[in-house]
Amino acid sequence: MEPIEKATVLVTGASKGIGLAIAEEFAVQGHDLVLVARGEEALQRVADAIKAKSGVEVTVISSDLTEADAPRRLYEQLEQSGKPIDILVNNAGVGMSGLFQEADYANLSRMLQLNMLALTQLTHLFLPQMLMRKCGRILNVGSLVSYFKGGPNWAAYVASKHYVRALSAGLSKELRGSGVAVTSLSPGATATDFVKTADTEDMLAYQVPLGPSPEQIAKLAYQACQTGKRSVIPGVFNKILAFMGELHPRVIAFEVFSLLSNKKS
Ligand SMILES: NC(=O)c1ccc[n+]([C@@H]2O[C@H](COP(=O)([O-])OP(=O)(O)OC[C@H]3O[C@@H](n4cnc5c(N)ncnc54)[C@H](OP(=O)(O)O)[C@@H]3O)[C@@H](O)[C@H]2O)c1
């Protein structure tokens with residue numbers, strides 16, 4: 001597909017980590033941005049820095065996407081401003097490690113709301129406009145863990161990322177020939193604040209960063225999204241892990257996953 005020129009790009013979870021790197025990459029390529037996260041001050045700082053560096057238009061919207069009506073409010077706010085969204089980047093997501101039965105249910109439920117339902121609703125809200133214009137891109141940030149059949153110590157998080165990948169793959173096929181494409185991005189362990197919120201600091205997978213940096217991931221994501229590629233796994237090591245997760249017998253995949261997600265003590 002031909003890349004979209006001078007798009008307006010909505011990036012959720014854009015104040016830091018992978019979302020920030022993706023927002024910066026779109027800005028460097030000359031696209032206007034709408035940045036979303038909860039922390040307004042951090043978002044504003046990011047917006048000021050991006051505007052100063054790239055000279056693109058940047059709008060900041062503070063929103064907690066774990067609130068059930070937040071995606072609709074965000075959509076309506078943007079509709080009122082008359083700014084159509086050409087590219088939607090569903091990046092905001094959190095992780096949760098540990099034994100399923102020991103998880104706080106309210107936290108678990110918020111994670112699932114953010115990782116799956118907010119992404120689904122934003123896609124459902126913005127897709128019709130894109131289809132009407134016969135032009136649009138949706139980039140869904142999943143995870144390498146979705147290539148493993150299931151994730152002991154991360155059961156619900158892994159399941160939520162399976163959902164992201166499966167939804168993206170199905171939609172991508174439905175949208176063939178429409179001018180709109182969906183890409184799923186599946187990063188492996190990446191050094192961001194995710195490790196703190198998901199409590200993964202002492203997991204083997206996070207001890208030695210073998211995958212690409214957020215900036216390298218963002219460059220690959222930009223290319224894949226603009227050209228309408230169905231999926232992208234950043235980094236050779238992560239591609240090998242994905243291959244192992246998918247092709248090896250389930251019992252081996254579980255063992256590999258358990259090793260990577262083992263905590264030190
Ligand atoms: N880092 C990894 O190892 C890794 C691996 C695979 C996949 N991923 C995926 O990559 C995506 C980005 O993760 P990251 O590593 O960049 O994490 P991060 O550095 O912790 O950034 C998360 C971003 O999401 C925002 N956010 C969190 N909760 C939110 C909420 N309720 N409503 C709106 N925004 C919210 C945060 O800002 P506020 O806190 O201000 O809201 C922040 O901007 C996630 O979907 C994650 O699952 C990460």
Side-chain angles (χ1 to χ4, degrees), residues 10-25 33-47 60-71 73-74 89-97 106-107 109-119 121-122 139-148 151 154 156-165 168 184-201 203-218 220-221 231-235 237-238 241-242 245 260-261:
L10 167 59
V11 185
T12 67
S15 59
K16 55 185 176 175
I18 296 170
L20 168 59
I22 291 174
E24 286 175 332
E25 182 62 26
L33 298 173
V34 179
L35 306 179
V36 178
R38 287 167 304 179
E40 195 164 2
E41 270 181 39
L43 270 182
Q44 199 52 61
R45 270 198 304 277
V46 162
V60 156
I61 300 178
S62 161
S63 172
D64 181 349
L65 293 171
T66 62
E67 291 171 8
D69 61 341
R73 279 190 269 123
L74 176 58
V89 181
N90 280 309
N91 162 76
V94 288
M96 226 177 139
S97 62
N107 281 343
S109 165
R110 273 195 295 274
M111 175 186 74
L112 298 177
Q113 182 78 31
L114 179 64
N115 292 5
M116 298 191 295
L117 295 184
L119 171 146
Q121 197 178 2
L122 287 171
L139 174 65
N140 288 332
V141 181
S143 170
L144 177 66
V145 297
S146 67
Y147 286 83
F148 287 80
W154 293 73
Y157 174 72
V158 173
S160 76
K161 293 301 185 178
H162 270 261
Y163 174 85
V164 172
R165 187 166 152 234
S168 307
S184 71
L185 170 69
S186 302
T190 310
T192 68
D193 282 355
F194 177 89
V195 295
K196 283 186 233 145
T197 47
D199 190 21
T200 59
E201 272 157 321
M203 280 185 185
L204 183 62
Y206 284 88
Q207 299 301 305
V208 195
L210 290 169
S213 66
E215 291 71 27
Q216 291 166 324
I217 293 173
L220 294 167
S231 69
V232 56
I233 303 169
F237 179 65
N238 291 329
L241 283 179
L260 291 171
S261 64

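Remember, it's 1-based here, ligands and their atoms both numbered in the order they're listed.
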For ligand 1, find out whether one of its N or O atoms is nearer than 3.5 Å to an N or O atom of T190. yes
How far is atom 6 (C) of ligand 1 from the closest protein heavy atom, and which atom is that? P187 O, 3.1 Å
Give me the residue, atom name and distance of the protein heavy atom closest to atom 31 (N) of ligand 1. D64 OD1, 2.9 Å
Is it the side chain (CB and beyond), the backbone, both or neither of K161 that lies under 4.0 Å from ligand 1, heavy atoms counted? side chain
Which heavy atom of the protein is the closest neighbour of atom 10 (O) of ligand 1, given with residue, atom name and distance? V141 CG1, 3.4 Å
Do N107 and M96 have side chains that approach each other closer than 4.5 Å (heavy atoms only, starting at C-beta)? yes
Geometry only, no angles: is T197 polar-contacting ligand 1 at N/O separations under 3.5 Å? no
Yes or no: does G188 have any heavy atom under 4.0 Å from an atom of ligand 1? yes
So do the side chains of T190 and S213 get within less than 4.5 Å of each other, counting heavy atoms only? no
Provide, to 0.1 Å, the distance between atom 44 (C) of ligand 1 and the closest protein heavy atom, together with that atom's residue and name. N91 O, 3.3 Å
What atoms in ligand 1 come closer than 4.0 Å to a heavy atom of G17? 16 (O), 19 (O)
Under-4.0 Å heavy-atom contact with ligand 1, by part of S186 that carries it: neither
Proximal ligand 1 atoms for S143, defined as those under 4.0 Å from one of its heavy atoms: 6 (C), 7 (C)
Kindly identify the option in I18, N238, V36 whose heavy atom sits closest to atom 16 (O) of ligand 1. I18
Please round to the nearest 0.5 Å and tell me the distance separating atom OH of Y147 and atom NE2 of H162. 10.5 Å
Contact check, side chains of E67 and R73, non-hydrogen atoms, under 4.5 Å: yes
Among all protein heavy atoms, pick the one closest to atom 14 (P) of ligand 1 and tell me residue, atom and distance. T192 OG1, 3.5 Å
With a 4.5 Å heavy-atom cut-off, do T12 and L65 have their side chains touching? yes
Under 4.5 Å between any side-chain heavy atoms of V164 and N90, yes or no? no
Would you say that I18 contacts N91 through its side chain, given a criterion of any heavy-atom pair below 4.5 Å between the two side chains? yes
Out of A189, G13, S63, whose heavy atom is nearest to atom 33 (C) of ligand 1? S63
Only heavy atoms of Y206, strictly under 4.0 Å: list the atoms of ligand 1 that pass. 2 (C), 3 (O)
For atom 20 (O) of ligand 1, what is the closest protein heavy atom, and at what distance to 0.1 Å? F194 N, 3.4 Å
Geometry only, no angles: is G39 polar-contacting ligand 1 at N/O separations under 3.5 Å? yes
Donor on one side chain, acceptor on other, S184 and N140, under 3.5 Å: no
Run the numbers for me: atoms of ligand 1, each under 4.0 Å from some heavy atom of A14, listed by number. 43 (O)
Looking only at heavy atoms, what is the nearest atom pair of A242 and L144, with distance? CB-CD1, 3.6 Å
With no hydrogens and no angle check, is any side-chain donor or acceptor of K161 less than 3.5 Å from a backbone partner on N115? no
Grab the two heavy atoms, one from P214 and one from G17, that are nearest each other, plus how far apart they are. CB-O, 4.1 Å
Any nitrogen or oxygen of L65, main chain or side chain, under 3.5 Å from a nitrogen or oxygen of ligand 1? yes
Residue and atom name of the nearest protein heavy atom (relative to atom 29 (C) of ligand 1), distance in Å to one decimal: R38 NE, 3.5 Å
Sub-4.0 Å heavy-atom contact, T66 with ligand 1: yes
Would you say V34 and I61 make side-chain contact, with heavy atoms under 4.5 Å? yes
Testing the basics here: between A14 and L35, what is the closest heavy-atom pair and its distance to 0.1 Å? CB-CD2, 3.7 Å
Heavy-atom nearest neighbour in the protein, as seen from atom 8 (N) of ligand 1, with distance rounded to 0.1 Å: Y157 OH, 3.9 Å
Y157 vs F194 aromatic rings, parallel, tilted or perpendicular, using cut-offs 30° and 60°? tilted
Considering the heavy atoms of G142, write down every atom of ligand 1 situated less than 4.0 Å from one of them. 7 (C), 9 (C)
